[in-house]
Chemist: 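I'd like to ask some things about the structure below.
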Amino acid sequence: MRSLDDLDVHARRVLVRVDFNVPLTPGEDGGVEIADDTRIRAALPTIEELRGKGARLVLVSHLGRPKHGPEPALSMAPVAARLGELLGAEVTLAPGVVGESVRALTEGLRDGEVLLLENVRFQEGETDNDPALARELAELADVYVNDAFGAAHRAHASTEGVAHLLPSAAGRLLEGEVKTLTGILEHPEPPLVAIVGGAKVADKIGVIERFLQVADIVMIGGAMCFPFLHAQGHSVGESLCDDEDVEHARKLLDRASDTHTPQPGRGRMLVPHDLVIGDRLADDAQHRVLPGVEVPAGWMGLDIGPDTAARYTGEIEQAGTVFWNGPMGAFEHAPFAFGTRAVAEAVAKAPGFTVVGGGDSASALAHFGLERAVDFVSTGGGATLELVEGRTLPGVHALEGGAVGRPSPSGCVPPPGGRRSRPKAGEPGPSSSDDRAPLSRSKGARVT
Ligand code: 3PG
Ligand code: MG
């Protein structure tokens, strides 16, 4: 995959697809505010490197899911303002996505200047990967850089189509995400321990299947543990558990190694052996620790129990590599936060290389103030899961010259340069930085 090192960008217009799809909240003046600017910050290394090289930047992103053209509430205006603050430079917001006036703005850019296009999903043809829109986007620049890892699983005009029309390369964020995520799957420091939680087995089948092939242990938490427990013959009370998920769970259990006799290419699977149960999902719910997994009628399981948490955190402490995706319980409600907090703290303190896969687990980390204490937090949601599953991401594939519908036989990325070695707490970092992901973080945050 080509990187910024392979592009000549000086005094050239560079179209950079970023993922500035940030969460918004209502603002004071009836407008909207950015609730979390992580994704904007994550694109700064690429933007700053390009500006430093004298590139003329044309940034493009989607924001939300506008259905029928422009929606004022989904304008990139607040993003342009926030990016300007972070860069300490002026960021001009274009009045649209493509067209004459936007092209004139790109032609007026000077070296190092930044133009942000309006929400690319305001434009018809974006999500259909319309070749005409891809051509119009290509006319805005001389070179294309894709740094939108979070949107790399979409084959849209700004993520896929345009990559074929200009000299193109991956930005530092996308490059680091792909290297890190494929690195832990292909060359993990053993043992590799995966913790998978969340609500539905159906959403995580591919991820669990992949980890059963490459990991030593897969530990299950969150509401999705009930289909597994049900498949093992336990009663689940009122816990979330549908028939479809029970079927998926049964198949996944069949693929796991026997706990006592590990089989090559088959990870062991751990499911909870105690639970926290509640009479409903609320902060003031009646709740108690259940020293087993037979959930009584009228109760629902809402967190893993303390013994399970101790077992899981023990495995995390021993791991060479940890991947965590999905909360262990309903952590937003205090009575059911213990398991997720315990796992988050263990991941934060673990001596091994720790990766947290986007979405809810990243929010959980932030909820406990631990996001800086893990080695790598992915900015992707669906993109992270699809990459881990081994699926081809169209946005990445296009940078390798591949077209949609014709995936390369080896998947989406070449294997990374080798086993990642990282310093243990207190040791200095590696002197060479070329294998380090831009979001790699040194340990330092205190776990209290
Ligand atoms: C995300 O938030 O996962 C990405 O920005 C992709 O957004 P989408 O699911 O609306 O395509
Ligand atoms: Mg670590």
Side-chain angles (χ1 to χ4, degrees), residues 16-25 32 34-44 46-47 59-71 73-76 78-79 82-83 97 116-130 133-134 137 145-163 170-171 173-174 176-178 181 198-200 202-204 206-207 325-327 355-366 371 376-389 391-398 404 412 439:
V16 188
R17 177 51 158 105
V18 282
D19 186 356
F20 286 167
N21 184 26
V22 289
L24 301 170
T25 49
V32 290
I34 295 167
D36 177 355
D37 65 2
T38 303
R39 281 180 163 176
I40 304 177
R41 292 174 184 274
L44 293 178
T46 293
I47 295 172
L59 305 180
V60 59
S61 176
H62 73 287
L63 178 60
R65 292 178 174 171
K67 284 282 168 288
H68 311 286
E71 279 178 34
L74 294 175
S75 164
M76 298 304 289
V79 175
R82 186 80 193 102
L83 178 63
V97 180
L116 175 63
L117 304 183
E118 251 308 353
N119 188 338
V120 68
R121 288 193 187 166
F122 288 174
Q123 194 70 35
E124 209 188 321
E126 161 64 1
T127 55
D128 300 328
N129 200 2
D130 177 5
L133 177 58
L137 287 166
V145 168
N146 190 352
D147 211 23
F149 176 73
H153 57 320
R154 306 290 181 214
H156 293 174
S158 69
T159 60
E160 206 281 336
V162 69
L173 173 66
L174 187 142
E177 291 265 11
V178 171
L181 295 170
K200 288 230 15 113
D203 297 339
K204 305 279 169 82
V207 169
N325 179 277
V355 176
V356 173
D360 286 349
S361 12
S363 325
L365 267 186
E371 67 274 33
F376 188 86
V377 182
S378 177
T379 54
T384 307
L385 297 180
E386 289 196 22
L387 183 57
V388 168
E389 286 172 21
R391 283 158 71 170
T392 298
L393 304 187
V396 173
H397 194 52
V404 177
C412 56
L439 282 194

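For clarity, every value in this text was computed on a predicted model and none was experimentally measured. For ligands, and for the atoms within them, numbers begin at 1 and follow the listed sequence.
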Chemist: May I ask you to decide if M76's main-chain N or O and E118's side chain share a donor-acceptor pair within less than 3.5 Å?
Modeler: yes
Chemist: Can you pull out the closest protein heavy atom to atom 4 (C) of ligand 1? Residue, atom name and distance to 0.1 Å, please.
Modeler: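 Checked against all protein heavy atoms, atom 4 (C) of ligand 1 sits closest to G150 O, 3.3 Å.
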Chemist: Would you mind running through ligand 1 and noting each atom that sits below 4.0 Å from a heavy atom of D19?
Modeler: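 Counting from 1, the qualifying ligand atoms are 4 (C), 5 (O).
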Chemist: Would R121 count as a contact of ligand 1 if the rule is a heavy atom under 4.0 Å away?
Modeler: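 It does, in that a heavy atom of R121 comes within the 4.0 Å cut-off of ligand 1.
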Chemist: On a heavy-atom basis, which atom in I40 and which in I34 lie closest, and how many Å separate them?
Modeler: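 That closest heavy-atom pairing would be CD1-CD1, 4.0 Å.
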Chemist: Indicate yes or no: at least one non-hydrogen side-chain atom of F149 is less than 4.5 angstrom from one of D19.
Modeler: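 In short, these two side chains do not touch, never coming nearer than 4.5 Å.
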Chemist: Using a strict 4.0 Å cut-off to heavy atoms of R65, name the atoms of ligand 1 that fall inside it.
Modeler: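 Listed by number with element, the hits are 8 (P), 9 (O), 10 (O).
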Chemist: Does N129 use its side chain to pair, donor to acceptor, with the backbone of G161 at less than 3.5 Å?
Modeler: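 Between the backbone of G161 and the side chain of N129 there is a qualifying donor-acceptor contact (under 3.5 Å).
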Chemist: Of the protein's non-hydrogen atoms, which lies at the shortest distance from atom 3 (O) of ligand 1, and what is that distance?
Modeler: R39 NH2, 3.7 Å
Chemist: Out of all atoms in ligand 1, which are within 4.0 Å of some heavy atom of N21? Include the element for each.
Modeler: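 Contacts of ligand 1 toward N21, numbered from 1: 1 (C), 2 (O), 4 (C), 5 (O), 7 (O).
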Chemist: Counting only N and O atoms by type, is there a donor-acceptor contact under 3.5 Å from the side chain of D360 to the main-chain atoms of P327?
Modeler: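 Side chain of D360 to backbone of P327, a donor-acceptor pair under 3.5 Å: no, none is there.
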Chemist: Give the residue and atom name of whichever protein heavy atom lies nearest to atom 7 (O) of ligand 1, and the separation in Å to one decimal.
Modeler: H62 NE2, 3.1 Å
Chemist: Closest heavy-atom contact between R39 and T379?
Modeler: NH2-O, 2.9 Å
Chemist: Under a 3.5 Å threshold, yes or no: a donor from one side chain and an acceptor from the other, between S158 and R17?
Modeler: yes
Chemist: Side chain or backbone, does R154 bring an N or O within less than 3.5 Å of an N or O on ligand 1?
Modeler: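 It does: an N or O of R154 is found under 3.5 Å from an N or O of ligand 1.
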Chemist: For H156, which part has a heavy atom under 4.0 Å from ligand 1: side chain, backbone, both, or neither?
Modeler: neither
